[in-house]
Amino acid sequence: MSFPLLTATAVLPALGAIATAAVPAARRTAAKWLALLVSLATLVLAVVVLVRFDPDGDRYQLTESHAWIADFGVRYELGVDGIGVALVALTALLIPFVILAGWHDADPQETGAESLGSFAAGRWRPTQGFFALILAVEAMVIISFEATDVFLFYIFFEAMLIPMYFLIGGFGDRAHAGSDEHAATQRSYAAVKFLLYNLAGGLIMLAAVIGLYVVAGNFSLQQIAEARANGTLDMATNTERWLFLGFFFAFAVKAPLWPLHTWLPNAMGEATAPVAVLITAVVDKVGTFAMLRFCLQLFPEASKWATPVILVLALISIIYGALLAVGQRDIKRLVAYASISHFGFIIMGIFAMTSQGQSGATLYMVNHGISTAALMLVAGFLISRRGSRLIADYGGVQKVAPVLAGTFLVGSLATLSLPGLAPFVSEFLVLVGTFARYPAIGIIATFGIVLAALYTLVLYQRTMTGPVKPEVSAMPDLRVRELAVVAPLIALLIVLGVYPKPLTDIVDPAVKQTMSDVQKKDPQPEVEAAK
């Protein structure tokens with residue numbers, strides 16, 4: 001039997017989480033290094049998966065299939081297509097940077113061990129718990145990208161909420177206005193809201209998963225899709241639509257799509273910067289990925305039926321998120337609302353039902369993960385120095401910390417999709433694909449680009465330029481550890497912005513197969529015949 005490579009990419013961080021949590025309380029530094037080494041080893045495995053994946057080969061590769069709960073038709077089935085392998089690589093890439101960026105975020109003297117529960121300060125291990133939870137999230141996200149059994153996917157789709165709940169509620173941002181008690185209350189509110197929203201979506205999805213089993217008799221994504229394609233499984237129209245809505249609702253909450261988005265600004269605002277990156281750059285991608293893998297593949301006719309409404313919701317997300325980002329006074333909430341706008345572009349690309357749109361949406365997932373990580377982590381370094389998330393508390397930073405300001409500028413420019421940086425390619429493809437089939441939607445969506453330029457450049461101007469405020473006059477520049485976090489992300493933004501071909505070569509065949517699932521072809525351009 002060949003080596004179970006996909007299982008290894010998920011099991012390694014899971015075992016690392018257990019080992020990190022078991023490190024003695026006095027060995028906090030050892031726990032950090034263990035978590036970092038495990039994340040790097042997982043990245044190596046993800047690179048091996050990426051190298052072994054053949055874009056011109058079978059749709060799902062490196063597959064594993066074992067009996068699990070035979071009486072209910074549940075199997076342990078894994079496999080990756082071009083979209084899944086790209087997102088596994090993204091997840092494994094970002095986790096080491098998240099760990100490095102949060103190196104001191106859970107130290108007891110900074111977090112306050114006594115405030116984290118009823119444990120005695122000497123026995124409670126917040127540092128070990130923080131990094132163990134990050135590795136646990138990584139394991140669950142990776143297996144979600146690999147699962148081809150619907151029930152297996154559902155288990156980890158829901159299970160990842162638990163470590164995220166503790167990361168948001170137990171390890172909040174220290175730069176919080178107000179008393180420690182008020183800060184703890186806000187963290188608790190954000191964590192509970194995150195959990196309740198996503199649990200509600202998951203419970204509705206569970207009903208749809210059960211309904212799918214009743215109709216199909218098994219949970220295998222490939223078997224159900226093949227049966228749909230060859231006509232041996234014929235779902236009634238109303239049944240397919242209800243099942244689609246059950247799945248889509250859960251994914252729209254996770255994504256998040258307007259009007260199910262309101263948990264995200266609270267969660268990102270109250271979490272530490274690395275955990276905020278984990279939320280929007282890693283966990284939320286499971287929602288948009290699942291729309292491509294499950295909604296379109298299992299329910300093609302219902303997906304086409306719901307497309308007009310979903311495109312309108314995506315368009316509202318784009319404009320609404322960007323408008324609220326313009327008016328924000330809090331740096332982290334600004335990035336959160338910007339992400340809502342960007343997820344609107346991703347969902348618009350998916351449901352434009354064109355190859356350009358879906359390729360752009362997949363690239364957007366990867367590029368948004370990198371660009372948001374770069375901007376949010378630099379913002380976190382900035383906030384930790386000043387102790388404030390308010391934009392008005394900054395000014396003239398570029399004169400005292402030019403490297404910090406420069407990396408912040410590149411992250412900001414990537415957020416507004418400047419040509420030459422990675423997000424531009426994906427946003428351009430999404431808009432081209434949308435224009436081809438829904439020109440009115442595409443035209444309105446371009447206003448989101450204008451608003452993105454407004455909120456990112458105003459953010460940079462108010463924080464980095466102008467007179468140096470006394471509170472930032474002694475602000476240190478980026479340290480070696482912080483440069484090690486930011487520099488590779490900036491380099492990736494430039495490389496993928498100039499030469500995205502390696503990524504598009506992996507993604508495009510999977511997109512063509514998805515287009516075949518929904519029986520859609522790209523609209524032909526209307527070219528006026530030469531007279």
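We count residues from 1, following the sequence as given.
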Practice prompt. Evaluate the ring pair (Phe, Tyr, Trp, His ring centres under 6.0 Å) criterion for residues Phe219 and Tyr154: first the C-alpha distance (whole Å), next the side-chain angles of each, then the deciding distance (0.1 Å), finally the verdict.
Written response: CA-CA 11 Å; Phe219 293 105; Tyr154 173 77; 9.8 Å; no
Counting heavy atoms not belonging to [X], are there more than 12 under 6.0 Å from its [atom1]?
{"X": "Phe166", "atom1": "CZ", "value": "no"}
{"X": "Phe428", "atom1": "CZ", "value": "no"}
{"X": "Trp242", "atom1": "CH2", "value": "no"}
{"X": "Phe151", "atom1": "CZ", "value": "no"}

In Å, rounded to the nearest 0.5 Å, how long is the span from [atom1] of [X] to [atom2] of [Y]?
{"X": "Met376", "Y": "Thr272", "atom1": "CE", "atom2": "OG1", "result": "9.5 Å"}
{"X": "Met365", "Y": "Phe343", "atom1": "CE", "atom2": "CZ", "result": "9.0 Å"}
{"X": "Ile142", "Y": "Thr91", "atom1": "CD1", "atom2": "OG1", "result": "6.0 Å"}
{"X": "Leu195", "Y": "Tyr165", "atom1": "CG", "atom2": "OH", "result": "7.0 Å"}

Item to complete: Please report the C-alpha distance between Val74 and Leu152 in whole Å, then the side-chain angles of each, then the deciding distance to 0.1 Å, and finally whether the side chain to side chain contact (heavy atoms under 4.5 Å, CB included) criterion is met.
Response: CA-CA 8 Å; Val74 180; Leu152 178 66; 5.7 Å; no
Worksheet item: Where do Ala336 and Pro265 come nearest, in terms of heavy atoms and distance?
Response: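 Taking Ala336 first and Pro265 second, the nearest heavy atoms are CB-CA, 3.8 Å.
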Fill in: Minimum heavy-atom distance between Asp505 and Pro55, given as atom pair plus value
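Shortest heavy-atom contact: O-CB, 3.4 Å.
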Practice prompt. Start with the C-alpha gap between Glu301 and Thr237, add the side-chain angles, then the distance that decides, and say whether side-chain hydrogen bond (donor to acceptor under 3.5 Å, both in side chains) holds.
Written response: CA-CA 8 Å; Glu301 294 304 319; Thr237 300; over 6 Å; no
Under a 3.5 Å threshold, yes or no: a donor from one side chain and an acceptor from the other, between [X] and [Y]?
{"X": "Thr7", "Y": "Glu64", "value": "yes"}
{"X": "Ser371", "Y": "Thr415", "value": "no"}
{"X": "Ser39", "Y": "Glu138", "value": "no"}
{"X": "Glu77", "Y": "Thr63", "value": "no"}

Non-hydrogen side-chain atoms of [X] and [Y] separated by less than 4.5 Å:
{"X": "Trp305", "Y": "Glu240", "result": "no"}
{"X": "Arg75", "Y": "Ser220", "result": "no"}
{"X": "Leu212", "Y": "Leu298", "result": "yes"}
{"X": "Ser412", "Y": "Leu375", "result": "yes"}
{"X": "Phe447", "Y": "Ile319", "result": "yes"}
{"X": "Gln328", "Y": "Tyr455", "result": "no"}
{"X": "Leu135", "Y": "Leu12", "result": "no"}
{"X": "Met164", "Y": "Val275", "result": "yes"}

Expected output: side-chain [X] to main-chain [Y] donor-acceptor under 3.5 Å:
{"X": "Lys285", "Y": "Thr280", "result": "yes"}
{"X": "Thr372", "Y": "Gly369", "result": "no"}
{"X": "Arg293", "Y": "Phe145", "result": "yes"}
{"X": "Ser516", "Y": "Lys512", "result": "no"}
{"X": "Asp58", "Y": "Tyr60", "result": "no"}

Worksheet item: Which residues pass the ring pair (Phe, Tyr, Trp, His ring centres under 6.0 Å) test with Phe53, sequence neighbours left out?
Response: none
Step through it carefully: locate the ring centre of [X], locate the ring centre of [Y], and say whether they are under 6.0 Å apart.
{"X": "His368", "Y": "Phe345", "answer": "no"}
{"X": "Phe194", "Y": "Trp263", "answer": "yes"}
{"X": "Phe299", "Y": "Phe248", "answer": "no"}

Practice prompt. Check the pair Leu324 / Ile340 against side chain to side chain contact (heavy atoms under 4.5 Å, CB included), numbers first and verdict last.
Written response: CA-CA 10 Å; Leu324 288 185; Ile340 291 170; over 6 Å; no
Worksheet entry | Full working for side chain to side chain contact (heavy atoms under 4.5 Å, CB included) between Ile347 and Ile310 | CA-CA 8 Å; Ile347 296 170; Ile310 294 172; 3.7 Å; yes
Worksheet item: What orientation do Phe289 and Phe294 show, parallel under 30°, tilted 30 to 60°, or perpendicular over 60°?
Response: perpendicular
Item to complete: Determine, step by step, whether Leu90 and Ile370 satisfy the side chain to side chain contact (heavy atoms under 4.5 Å, CB included) criterion, reporting the C-alpha distance in whole Å, the side-chain angles of both residues, the deciding distance to 0.1 Å, and the verdict.
Response: CA-CA 8 Å; Leu90 171 70; Ile370 299 170; 4.0 Å; yes
Worksheet item: Pick one: which of Leu260, Thr288, Asn198 meets side chain to side chain contact (heavy atoms under 4.5 Å, CB included) with Lys254?
Response: Asn198
Fill in: All salt bridge (charged side-chain N to carboxylate O under 4.0 Å, His left out) counterparts of Glu158, not counting sequence neighbours
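Listed in chain order: nothing, the list is empty.
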Item to complete: For the pair Tyr320 and Ser341, evaluate side-chain hydrogen bond (donor to acceptor under 3.5 Å, both in side chains) and give the outcome as yes or no after the intermediate values.
Response: CA-CA 7 Å; Tyr320 174 84; Ser341 181; over 6 Å; no
